[in-house]
Amino acid sequence: MPEPLTVSPYQPLEAEILERVPEARNMFTLRLRFTDPDVQARYSFQPGQFNMLYLYGVGEVPISVVSDPSDETVVDHTIRALGRVTRALGRLNAGDRIGVRGPYGRGWPMREAEQRDVVIITGGLGCAPVVSVINYVLRRRERFGRLNIVQGVKHSNDFIWKDRYDRWRQVPNTRVLLAADEGAALWPWHVGHVTEVFDKLEYDRRRVIVMMCGPEGMMRAGVHLLREQGVSDEDIWVSMERNMHCAVGHCGHCQFGPRFVCRDGPVFRYSEIEWLFGEKGF
Amino acid sequence: MADTRAFLERGNLQSLIDTIRDAGYRCVGPQSRDGAIVFDTLTHVDQLPRGVTADQGPGSYRLGHGGGQRFFAWANGPQALKPLTFRPRETLWRVLRDRDDRLHFEAADAPVTKTAVIGARACDLAALYIQDKHFLQGECADPSYRAARQELFIVAVHCTHAAATCFCASTGDGPRAAYGFDIALTELNDGFVVEVLSSRGRDLAAGLETAPATPVQLEAAAAAVAAAAEAQSRALPAGNLRNLLFARLEHPRWEQVAERCLACGNCTSVCPTCFCSAEHEVPSLDGSHSERTRSWDSCFNESHGRIHGLNVRAATSQRYRQWLTHKLAGWHDQYGRSGCVGCGRCISWCPVGIDITEEAAAICA
């Protein structure tokens with residue numbers, strides 16, 4: 001493990017917003033760099049890990065890192081303006097300073113995924129945590145087998161990053177499957193639940209790895225279908241979301257059965273949590 | 001004092017307080033206040049709850065006066081050692097914003113007072129052991145807990161007066177303190193049997209006016225503690241309840257207990273092992289700086305399970321189940337033992353008298 005960047009695990013470090021990239025309505029990417037070059041040089045993370053972003057006088061919020069781990073110059077966070085802190089973060093601009101601490105948690109199993117077919121499934125607007133994986137795989141395309149990118153949204157108007165998906169569709173050995181529960185006119189992709197496109201997935205079930213994020217009900221339905229296709233729970237990974245204050249397993253908010261999502265997750269092998277996953281109240 | 005077991009006359013107890021204070025500690029001990037035994041700064045034996053007893057039952061805590069000359073004729077009060085090491089409210093760090101809107105983060109270096117506590121119970125020490133695991137193990141030790149913990153000197157008092165709510169014998173944590181103290185006392189009518197466990201305890205006890213404990217005194221001390229175990233009528237179901245509880249997440253009892261539970265969080269406040277905390281932002285009025293504070297939180301609070309647009313534990317039954325399955329089940333995975341030390345505080349201080357032993361028994365039956 002790298003040396004901690006601060007004396008206190010709770011204390012942020014100053015970072016500067018290099019760029020604010022609008023992504024969609026209520027959605028933006030903050031491109032950050034630690035103001036201390038030494039901190040920026042020492043900072044490293046894995047796809048799927050998250051940082052706590054602190055806005056002066058307002059508070060902190062956990063946000064997954066979407067940039068590439070090999071990029072040593074910037075740290076990108078794609079944020080949806082939903083709550084008090086994220087809405088205020090959305091009003092910041094290049095040059096503004098915020099606090100950052102991290103990275104926290106266990107990320108996606110990128111090493112385990114090498115040489116295997118990769119299926120990436122997201123639902124709702126929760127695709128930010130897997131964008132890092134998609135980019136990671138595309139930049140190292142030769143290390144992985146077939147790539148399936150599956151995205152489901154409620155309404156086709158919720159669909160963002162059309163350009164990216166169009167671009168990804170052009171990559172060899174890569175399949176992009178989109179579904180909207182409700183499709184507007186001219187929506188060229190599937191209308192219906194995202195699991196309905198699973199029969200178009202291309203993978204070898206003996207060497208596949210699945211990474212999912214989104215609403216837990218969608219992920220449960222997804223797992224159910226993948227099981228029917230012969231995929232083992234051992235080969236399915238999910239990213240969970242819970243209330244978090246400390247991010248280091250002390251504050252108790254993200255306790256999930258015998259685990260803390262912030263420290264033991266947010267990415268879990270499905271077989272580890274299958275017995276409790278989706279149980280209302282946990 | 002050469003022998004590890006000595007006898008301190010009742011009239012010489014002040015020398016223990018004096019010796020502690022002379023060694024540079026703030027001495028903290030039990031006192032009767034607002035109808036309860038509480039821990040606060042102690043300078044004189046007259047502040048101790050002489051003759052005070054504490055009758056406890058579900059949703060009930062009443063002080064009495066049948067304890068004669070004794071200072072420790074009660075089992076416990078609402079506090080354990082928890083507030084001494086895990087502060088109910090504290091500042092984690094602060095940040096200054098300069099004229100160029102640059103942020104300067106700095107640690108909140110709250111001064112740590114060397115503290116010695118007299119009157120820790122076996123259940124309190126078991127809870128401290130668990131909280132040590134929570135806050136100190138792993139890659140991210142809690143700085144303020146660690147600082148307070150390192151400076152904490154503990155004089156345990158073996159329990160001789162179990163309350164009706166006590167069940168430490170069934171959890172294996174008491175009433176005799178077996179570890180985690182520097183000095184331990186057993187109170188008899190005319191004084192205290194003194195034992196030391198640590199080298200700093202030995203150094204400090206060397207300054208006390210004691211006589212070697214006689215076999216009769218040692219026997220009386222052992223009998224008094226044994227009687228406190230015998231007197232306990234409550235018990236948690238035996239063994240590791242982890243798999244049983246997690247297998248009964250749909251038990252109707254969760255809904256039944258939720259009809260009584262007020263979700264007030266009293267149980268988590270008085271629980272010596274509960275560790276939840278919430279962070280808060282406290283900006284200054286002039287906008288020049290802001291403080292990040294942390295205060296005790298509870299899994300019974302509405303905000304505890306909230307994520308944007310969703311509360312994962314909206315129902316009281318879900319919150320009670322979260323608490324109990326964590327305490328008696330998930331804790332085994334996380335800390336190698338149950339999170340319940342049998343102190344019974346959650347029973348006494350629950351406004352509606354919900355009894356953890358009764359609920360666990362009903363669900364695990």
Side-chain angles (χ1 to χ4, degrees), chain A residues 1-4 6-16 35 52 54-62 80-86 95-99 101 104 215-216 241-260 263-264 275-276 279-282, chain B residues 92-93 95 97 100-108 134-135 138-145 242 246 249 254 274-281 283-284 287 290 292 294 297-299 303-315 317-319 321-322 325-326 329-334:
Chain A
M1 286 303 291
E3 281 285 296
T6 56
V7 182
S8 162
Y10 313 117
Q11 187 180 320
L13 290 149
E14 190 195 41
E16 181 180 0
T35 51
M52 295 298 288
Y54 167 76
L55 180 57
Y56 176 84
V58 181
E60 266 191 329
V61 66
R80 236 177 112 198
L82 274 173
R84 203 171 51 88
V85 180
T86 49
D96 288 339
R97 311 288 172 115
I98 65 170
R101 59 187 178 100
Y104 295 116
E216 285 176 24
E241 196 177 359
R242 284 293 179 275
N243 189 0
M244 290 177 192
H245 289 212
C246 74
V248 293
H250 288 165
C251 79
H253 292 93
C254 69
Q255 186 236 323
F256 177 70
R259 297 170 192 278
F260 293 117
R263 190 186 64 195
D264 306 324
W275 62 280
L276 195 60
E279 180 75 40
K280 290 251 182 306
F282 283 94
Chain B
L92 294 175
W93 45 267
V95 53
R97 183 165 64 174
D100 302 322
D101 285 342
R102 295 203 51 164
L103 304 177
H104 304 273
F105 295 93
E106 54 186 45
H134 177 70
F135 285 113
E139 292 149 27
C140 296
D142 187 274
S144 77
Y145 183 97
R242 181 198 185 277
F246 278 138
L249 299 180
W254 302 116
C274 271
F275 52 69
C276 281
S277 65
E279 290 188 21
H280 302 282
E281 187 73 13
S284 67
S290 192
R292 193 76 182 160
R294 157 173 95 178
D297 198 2
S298 169
C299 54
S303 59
H304 193 275
R306 198 192 289 148
I307 41 180
H308 55 83
L310 172 73
N311 191 334
V312 296
R313 284 183 291 281
S317 58
Q318 294 170 336
R319 296 182 204 169
R321 189 180 63 174
Q322 168 84 356
T325 56
H326 188 214
W331 227 287
H332 284 281
D333 301 75
Q334 292 177 320

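Small disclaimer: the values here were computed from a predicted structure and weren't measured. To find a chain, count down the sequence lines: A is the first, B the second, and so on, and within it residues start at 1.
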With a 4.5 angstrom heavy-atom cut-off, could you sort out which part of A/F260 is near chain B: side chain, backbone, both or neither? both

Portion of A/L276 that has a non-hydrogen atom of chain B nearer than 4.5 angstrom: side chain

Below 4.5 Å from any heavy atom of chain B, which atoms of A/T35 appear? Answer side chain, backbone, both or neither. side chain

Do the ring centers of B/F135 and A/H250 come within less than 6.0 Å of each other? yes

Check whether any side-chain N or O of B/H308 sits under 3.5 Å from a backbone N or O of A/G83 as a donor-acceptor pair, and report yes or no. no

Do B/R294 and A/Y10 have side-chain atoms, one donor and one acceptor, less than 3.5 Å apart? yes

B/A314 portion near chain A, given a 4.5 angstrom heavy-atom threshold: neither

Please state whether the side chain, the backbone, both or neither of B/C299 comes within less than 4.5 Å of a heavy atom of chain A. neither

If one checks every heavy atom of A/C246 against chain B at 4.5 Å, the contacting part turns out to be both

Side chain, backbone, both or neither: which part of B/A315 has a non-hydrogen atom closer than 4.5 Å to chain A? neither

Please look at A/E216 and chain B and tell me whether the side chain, the backbone, both or neither of the residue comes under 4.5 angstrom of a heavy atom of that chain. neither

Checking heavy atoms, do the side chain of B/S303, its backbone, both or neither come under 4.5 Å from chain A? backbone

Does any heavy atom of chain A fall under 4.5 Å from the side chain of B/A329, the backbone, both, or neither of them? neither

For A/R84, is there an ion pair with B/E281 - N to carboxylate O distance below 4.0 angstrom? no

